[in-house]
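Labels below follow one simple rule: chain letters A, B, ... track the order of the sequence lines, proteins then strands, and each chain is numbered from 1.
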Protein chains: 4
Amino acid sequence: MGTTPRARRSDTRERIQQTALGLFVTRGYEKTSLREIAEELGVTKAALYYHFKTKEDILTALSDRLGEPVDELIAWGREQPPTLENKRELLSRYSVAVRDAAPLYRILQENQATLRDLDIGTRLRERVGAVSQLVHAAEDGEDAPLETLVRFSSALLTVHFGTFTLDEMPGDPEARRAALLQVAMEILDSTDGGSAG
Amino acid sequence: MGTTPRARRSDTRERIQQTALGLFVTRGYEKTSLREIAEELGVTKAALYYHFKTKEDILTALSDRLGEPVDELIAWGREQPPTLENKRELLSRYSVAVRDAAPLYRILQENQATLRDLDIGTRLRERVGAVSQLVHAAEDGEDAPLETLVRFSSALLTVHFGTFTLDEMPGDPEARRAALLQVAMEILDSTDGGSAG
Amino acid sequence: MGTTPRARRSDTRERIQQTALGLFVTRGYEKTSLREIAEELGVTKAALYYHFKTKEDILTALSDRLGEPVDELIAWGREQPPTLENKRELLSRYSVAVRDAAPLYRILQENQATLRDLDIGTRLRERVGAVSQLVHAAEDGEDAPLETLVRFSSALLTVHFGTFTLDEMPGDPEARRAALLQVAMEILDSTDGGSAG
Amino acid sequence: MGTTPRARRSDTRERIQQTALGLFVTRGYEKTSLREIAEELGVTKAALYYHFKTKEDILTALSDRLGEPVDELIAWGREQPPTLENKRELLSRYSVAVRDAAPLYRILQENQATLRDLDIGTRLRERVGAVSQLVHAAEDGEDAPLETLVRFSSALLTVHFGTFTLDEMPGDPEARRAALLQVAMEILDSTDGGSAG
DNA sequence: AATGAATGAGAGTTCATTCAT
DNA sequence: TATGAATGAACTCTCATTCAT
């Protein structure tokens, strides 16, 4: 009862994105051919082109959708003053956003060379760069000392790459995320905690 | 007397590797065609095949050469007991090794999806995995608590990825490396320093 | 009172033809895709197929419409004896007909290779061929000498191709047409003027 | 006795051009696929790409080769003052050049729409345009009257298009060429013959 | 009167690789 | 120590056309 077996007003566009996302993650963007996507879906290559103008367009659609929370986070971050407290909040939210968009960021991570000259590559890198900027932004006019900057970097690297490199560990993913975030926070705190202590 | 006008005992093999390395870094492994390498060198594609059995072979040769210090480091690490002190030493040496082999690791980083099904990809990942294992190895029989493991990860992520993501910063690269290492050390120290303090 | 807001008795068929004619002229028949026509019109490709059975059919409709005057001219010509006087008349009328159907003849001219195996191509060429035959037709039983035939050809070539190659010249098109016709007439006249002299 | 059956240092490049020329003439440039050329030659498509960078490149090579005499003629023409006598000479030489390069000019003629946006199309049209300019060039500072210009056009149209439209006629091609040229000369002469008479 | 969805066929092009010389 | 010539497989993309709704 109920589930339409083949969908009337066509959910094909949806299904293309899901299939593509899976293949882009497991096989890589470049190595995934449109033939593969089409075959796995049981349609012809031409059908893909009915729904998307180019191969890159499929990834763009995916990026627009999955990357939205990060975009919102960046927008939020730009409105806040670059206090330590706000950076903590930023990292905290980012750890959630990057987890939710993990497949997308994995694609970016593992296909950087390929995506380099694609528009979508630029857009993805800008997203990452924007977060990085917010994390590094100086609280006052003065430039922060190198060590402080590095600490900011380290905290972000921990959250970002930890999400990917630790996901093969056994155990509760949520616990891992919490632990990563906690360590990142400590790195952040030691920034002036060290100088203050 | 002196400069042979046209290659002493064929340095072509050498030159192929250098050219390939440069192109693999800037354009990516997959996107660099043998035609490109050959053209930039002023030889024919067939010449490449005289010196290397396959395209992958070029990368393999590069990896054998540039990766040697890391291999030695791994060998050294496996002989040491997994004390915190040794991990500090490991990270310290690693920060030098990864800096020296930066182009190679960048290629690995930015072409993961492509290299995934290549033998050389496996070998490169094993190298990274081995370092990771040494850093995570438990000091005694018991499993370390998650937070401790994450701290280890964080320290390694800082050294490893920091080397790449920070290299666009202005300033002295060596100072950056020192700062990265220092922060990594602190992360490492807070492991039981926190519980001890 | 009364401009219907959205097509009275569907002028879509009309509009398709106009759009197609424009594109066939500027981009060529083959290079104009049905997608282009549809997009420029703001309808779907399928709509074109509601009004025309095939792409060729659009051109056929165009040809039937624009080519009518030439067809009538041919019919007229076939009823006249092939006197020099009638040829003069024929050329005169042709210079008007080809001007009025210029876009159509331009399409034929510039897409000959493409139209070669299409039915409509054959029909278009037959039209041109028929005019040519009328111009070359011998006045009496005997075959005309080569030079005379060539002169007939030359007169027709002048009117026909002159219409297209001269239309980038500045100045009054009608004056140009008159001049072309006049020169063509002189060529025709010198036919027996030479033999008579 | 003696003809190498398969050629050592490869005459394939040559053969590709011949085959392509033939197919471009009979089937048209666009409608001739590289697969067709390759099959007719008994090689693979990739072999074509070893010898020519693109499909257009094949036509370009053909144009460079066959168009040379016309280029030389243009160069010659540009050095002469635009006297009637020189125009006679120009037309005379042109009738030979266009005959020799007939297949090339036929391709240009019958595929204008297709070649329009190709570089080679531009170059081919420039060649034709250059001849046209030489024929129309004013002898003195004053602009020639329209009728004179039209007469110049007519003479050129006669030689140029006559070469193609008359080549289906039975009889000696050389006689036809001579007749065309003669008629063209008369058209040219009547230029001031009319005003003088 | 028109749309949305899809297809099959084919295009030009690029690639890593091979092999006789 | 290299080259010239070629291949087979794959790729992204476009097109005219169809058909249920």
Please collect all ring pair (Phe, Tyr, Trp, His ring centres under 6.0 Å) contacts where either partner lies in residues 28-59 of chain B, sequence neighbours excluded, each pair once. B/Phe24-B/Tyr29
Using only side-chain N and O atoms of D/Arg35, determine if any of them is under 4.0 Å from OP1 or OP2 of E/dG12. no
Judged by nearest nucleotide, the residue sitting upstream toward the 5' end of DNA chain F, B/Gly42 or A/Ala46, is B/Gly42
Between D/Thr114 and D/Asp117, what is the shortest heavy-atom contact and its length? O-OD1, 3.9 Å
From E/dT17, E/dG12, F/dA6, nucleotide with atom closest to D/Tyr49 side chain: E/dG12
Earlier contact from the 5' end, DNA chain F, for D/Arg13 and B/Ala47: B/Ala47
note: B/Lys31, atom NZ; F/dC11, atom C1'; distance rounded to Å ~ 12 Å
CD1 of C/Ile16 versus C1' of E/dA2: gap in Å, rounded? 10 Å
Among B/Leu62, B/Leu59, B/Ile16, find the residue that satisfies the side chain to side chain contact (heavy atoms under 4.5 Å, CB included) test when tested with B/Leu21. B/Leu62
How do B/Lys55 and C/Tyr50 order along DNA chain E: which one's closest nucleotide is nearer the 5' end? C/Tyr50
Applying a 3.5 Å limit to both distances, which nucleotide forms a Watson-Crick or G-U wobble pair with E/dT13? F/dA10
I'd like to know if C/Lys45 reaches the base of E/dT3 with its side chain, counting only an N/O donor and acceptor under 3.5 Å. no
Side-chain N or O of C/Thr12 less than 4.0 angstrom from OP1 or OP2 on E/dA2? yes
Could you tell me the separation between the CD atom of B/Gln109 and the CG atom of B/Leu115, rounded to the nearest 0.5 Å? 10.5 Å
From the list E/dA16, F/dG4, E/dG8, which nucleotide is the closest neighbour of the side chain of B/Thr44? F/dG4
With C/Ser63, the side chain to side chain donor-acceptor pair (under 3.5 Å) member among C/Glu68, C/Arg127, C/Arg123: C/Arg127
Using the side-chain heavy atoms of B/Val43, tell me which of these nucleotides is nearest: E/dA2, E/dG12, F/dT3. F/dT3
Go nucleotide by nucleotide along DNA chain E from the 5' end; which of D/Lys53 and D/Glu36 gets its closest nucleotide reached first? D/Glu36
In whole angstroms, how far is the P atom of F/dC15 from the CD atom of C/Glu39? 10 Å
Whole-Å distance, D/Glu30 CD to E/dG12 P, equals 8 Å
Using the side-chain heavy atoms of A/Ser33, tell me which of these nucleotides is nearest: F/dC13, F/dC11, E/dA16. F/dC11
What integer distance in Å separates B/Leu34:CG from E/dA16:P? 4 Å
Closest non-hydrogen atom pair between C/Thr32 and C/Glu36, with its separation: CA-OE1, 3.4 Å
note: D/Asp117, atom CG; E/dG12, atom C1'; distance rounded to Å ~ 15 Å
Looking only at side-chain N and O atoms, does A/His51 come under 4.0 Å of OP1 or OP2 in E/dG4? no
What is the distance from CZ of B/Phe52 to P of E/dA16, rounded to the nearest Å? 15 Å
Is there a Watson-Crick or G-U wobble partner for E/dT21 with both distances under 3.5 Å, and which nucleotide is it? F/dA2
Nearest whole Å is fine: how far is F/dA16 P from C/Asp57 CG? 14 Å
